[in-house]
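Reckoned from all heavy atoms, side chains included, excluding hydrogens, waters and symmetry mates.
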Amino acid sequence: MTDIANAAMILGAAVVVVLAIAVLYRVVAGPTTHDRVVAINVIGTSIVIILALIAAGLDRPEYLDIAIVYAILNFVLSLAVGRFSYRTEEVNWR
């Protein structure tokens with residue numbers, strides 16, 4: 001790729017980092033556990049996007065392997081938290 005495309009990828013990764021930091025507020029101030037879990041999932045997905053953009057921007061395809069493993073771990077974490085935080089008495093079925 002050209003230097004302009006590489007710089008654009010790195011700049012895009014920096015923008016996603018800033019947005020992930022903005023979501024960090026919801027992790028700290030989330031009123032419920034579910035809000036915090038969703039915010040952590042958003043941050044995890046942002047990290048996968050950042051790794052993919054850095055891999056493309058720096059021409060380092062091995063970073064994509066790390067991104068795939070991180071995405072799988074993020075998914076398993078959300079399943080585990082959802083499973084262990086589920087309480088039947090708090091669910092209001094409509």
Side-chain angles (χ1 to χ4, degrees):
M1 279 196 281
T2 64
D3 290 337
I4 295 173
N6 290 343
M9 296 286 183
I10 301 300
L11 180 65
V15 169
V16 175
V17 166
V18 170
L19 294 174
I21 290 172
V23 173
L24 192 62
Y25 170 76
R26 186 51 55 194
V27 174
V28 175
T32 66
T33 303
H34 297 293
D35 290 333
R36 290 184 172 104
V37 170
V38 170
I40 289 172
N41 278 337
V42 168
I43 291 172
T45 304
S46 299
I47 290 172
V48 172
I49 293 169
I50 291 164
L51 286 171
L53 287 172
I54 289 174
L58 298 179
D59 292 328
R60 301 289 302 259
E62 59 269 11
Y63 289 168
L64 290 176
D65 297 335
I66 298 169
I68 290 170
V69 170
Y70 194 84
I72 292 169
L73 288 174
N74 190 28
F75 176 71
V76 170
L77 172 73
S78 68
L79 288 179
V81 170
R83 172 71 176 111
F84 292 117
S85 68
Y86 178 74
R87 295 188 187 116
T88 57
E89 63 272 359
E90 293 181 3
V91 176
N92 295 326
W93 299 101
R94 294 182 187 183

Separation between [atom1] of [X] and [atom2] of [Y], rounded to the nearest 0.5 Å:
X	Y	atom1	atom2	answer
Ile43	Leu19	CD1	CG	11.0 Å
Thr45	Ile40	OG1	CD1	12.0 Å
Leu11	Asn6	CG	CG	12.5 Å
Leu64	Tyr70	CG	OH	16.0 Å

Does atom CD1 of Ile4 have more than 12 heavy-atom neighbours, drawn from other residues, nucleotides or ligands, at distances under 6.0 Å?
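Not more than 12 within 6.0 Å, no.
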
Would you confirm whether Arg26, through its side chain, and Ala39, through its main-chain N or O, come within 3.5 Å as a donor-acceptor pair?
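No: the side chain of Arg26 does not pair with the backbone of Ala39.
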
Pairs under 3.5 angstrom only: tabulate donor-acceptor contacts from the side chains of residues 52-60 to other protein residues two or more places apart or in another chain.
{"unit_1": "Arg60", "atom_1": "NE", "unit_2": "Glu62", "atom_2": "OE2", "d": "2.5"}
{"unit_1": "Arg60", "atom_1": "NH2", "unit_2": "Glu62", "atom_2": "OE2", "d": "2.7"}

With a 4.5 Å cut-off on side-chain heavy-atom distances among I, L, V, M, F, W and Y, is there a chain of contacts connecting Leu24 to Ile50?
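Per the 4.5 Å side-chain linkage, Leu24 and Ile50 are co-clustered.
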
So if you build clusters from Ile, Leu, Val, Met, Phe, Trp, Tyr with side-chain heavy-atom gaps below 4.5 Å, do Ile21 and Val15 land together?
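No, Ile21 and Val15 fall in different hydrophobic clusters.
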
Heavy-atom side-chain proximity of Asn74 to Val48 below 4.5 angstrom:
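No, their side chains stay 4.5 Å or more apart.
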
I need the single residue from Val76, Val69, Leu77 that forms a side chain to side chain contact (heavy atoms under 4.5 Å, CB included) with Leu73. Which is it?
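For Leu73, the side chain to side chain contact (heavy atoms under 4.5 Å, CB included) check succeeds only for Val69.
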
What pair of heavy atoms forms the shortest contact from Tyr63 to Leu51, and how long is it?
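Heavy-atom minimum between the residues: CB-O, 4.1 Å.
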
